[in-house]
*Asks:* 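This is the structure I have questions about; it appears just below.
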Amino acid sequence: MDGRCVRLRQDGSLLHYSGADESFVRHYLALDLDLDRVLAAIDRDPVMGAAISCCRGLRVVRQPLFECLLSYLCATNTNIPAVRHRVEALASRYGEPVTGEGEIHAFPSSNALLGATEDDLRACRLGYRARFARTAIATVLADAEWETAVPLLSHDEARARLLDLPGIGPKAADCVLLYALGHLDAFPIDVWIRRILARHYRVELEDGPLSPSLYEAARAFGRDRFGPYAGYAQVYLYGARALLCRA
DNA sequence: GTCCAGGAGTGAT
DNA sequence: ATCACTCATGGA
């Protein structure tokens with residue numbers, strides 16, 4: 001993460017770490033955020049209560065912007081193992097090796113990916129996303145201020161900038177807002193969250209494609225119900241998806 | 001082989 | 001504004 005290889009191990013309430021200093025670990029895991037207070041704020045109903053019981057301790061990390069952006073561009077209409085393959089392929093081909101860690105490569109910077117052609121990205125198993133990724137990388141790099149300016153924008157302004165990028169739609173934009181830009185009220189709607197909202201919260205989301213207006217309705221519901229930490233609510237519901245979606 | 005995955009772009013109504 | 005169609009890939 002961010003050019004380092006950090007190893008973490010938890011036993012009880014004790015967290016062991018190596019590969020980074022304490023301030024990095026605290027920042028990446030957002031240990032400065034009072035988790036109990038956050039969970040109390042979103043614990044508004046029995047469904048959320050069950051998700052919290054299921055996942056207590058889960059945190060929204062603070063991911064580097066470019067890494068997060070490309071990762072979610074690789075995550076559209078696919079599954080987690082495939083995304084992991086893509087991210088690892090990008091890292092091993094374009095990322096700097098982490099010193100002292102033989103096989104481990106960092107996620108590449110935007111500059112490191114500048115030389116990657118669409119075919120190169122296809123070779124990293126991005127499939128049809130390779131064209132979007134190529135353009136998104138070029139767009140980010142065309143504005144020297146992009147990566148430093150976007151984190152300073154408001155939620156809505158940053159979302160608009162993300163949506164300008166090809167291959168980044170509402171879902172991926174909301175994930176970047178939440179996991180990289182610290183907008184903890186972002187509420188991404190994926191197929192699992194959609195299912196959970198329909199089944200447990202009676203949100204009208206008939207099956208079939210999730211249209212932009214339905215996406216917006218689901219997003220508004222989540223943000224309205226769970227408030228400033230709606231993103232945490234989303235993460236806990238997602239984490240409990242196996243529990244909440246069975247039968 | 002078929003179906004589903006942390007969706008999004010395009011082009012026709 | 002709202003369909004219908006298409007887009008690689010991997011795991012079950």
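The sequence lines fix the lettering, A, B, ..., with proteins before strands; numbering per chain opens at 1.
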*Asks:* Could you please name the option among dT9(C), dG7(B), dA8(B) that lies closest to any side-chain atom of T78(A)?
*Replies:*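 That would be dT9(C).
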*Asks:* Respond yes when some side-chain nitrogen or oxygen of R195(A) is under 4.0 Å from OP1 or OP2 of dA5(B), and no when none is.
*Replies:*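 Answer yes for this pair, as a side-chain N or O of R195(A) is under 4.0 Å from OP1 or OP2.
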*Asks:* Nearest heavy atom decides the nucleotide; on that basis, is W192(A) or G167(A) closer to the 5' end of DNA chain B?
*Replies:*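 Nearest-nucleotide comparison on DNA chain B picks W192(A).
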*Asks:* What's P170(A) touching, base or sugar-phosphate or nothing? Going by heavy atoms closer than 4.0 Å.
*Replies:*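 Sugar-phosphate, backbone atoms only, no base.
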*Asks:* So for N79(A) and dG11(C), does any side-chain atom that can act as donor or acceptor lie under 3.5 Å from a complementary atom in the base?
*Replies:*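 No.
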*Asks:* Do you know the tightest heavy-atom contact between K171(A) and Y215(A)?
*Replies:*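 Shortest heavy-atom contact: CA-OH, 3.4 Å.
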*Asks:* Looking at F132(A), does the NZ or CZ of R129(A) lie under 6.0 angstrom from its six-membered ring centre and within 45 degrees of the ring axis?
*Replies:*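 No, cation not above the ring by the 6.0 Å, 45° rule.
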*Asks:* Does the aromatic ring of Y238(A) sit over the six-membered base ring of dG6(B), closer than 5.5 Å centre to centre and tilted less than 30°?
*Replies:*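 Yes, Y238(A) stacks on the base of dG6(B), since the ring centres sit under 5.5 Å apart and the planes are within 30°.
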*Asks:* Does R4(A) make a cation-pi contact with F24(A), if we ask for NZ or CZ under 6.0 Å from the ring centre and within 45° of the axis?
*Replies:*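 Yes, R4(A) and F24(A) form such a contact.
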*Asks:* In whole Å, measure the gap between the C1' atoms of dA5(B) and dC7(C) for me.
*Replies:*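 Rounded to whole Å, the distance is 14 Å.
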*Asks:* Is R125(A) close enough to dG10(C) that one of its side-chain N or O atoms is under 4.0 Å from OP1 or OP2 there?
*Replies:*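 Result: yes.
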*Asks:* Quick check: any donor-acceptor pair below 3.5 Å linking the side-chain of Y128(A) to the base of dG9(B)?
*Replies:*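 By the distance-only test, no, there is no pair.
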*Asks:* Does S213(A) have a side-chain nitrogen or oxygen under 4.0 Å from the phosphate oxygens OP1 or OP2 of dT2(C)?
*Replies:*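 For dT2(C), OP1/OP2 do have a side-chain N/O of S213(A) under 4.0 Å.
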*Asks:* Parallel, tilted or perpendicular for Y179(A) and Y72(A), by the 30°/60° rule?
*Replies:*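 Correct class here is parallel.
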*Asks:* Measure the distance from CZ on R86(A) to C1' on dG11(C) and round it to the nearest whole Å.
*Replies:*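 In whole Å, dG11(C) C1' and R86(A) CZ are 12 Å from each other.
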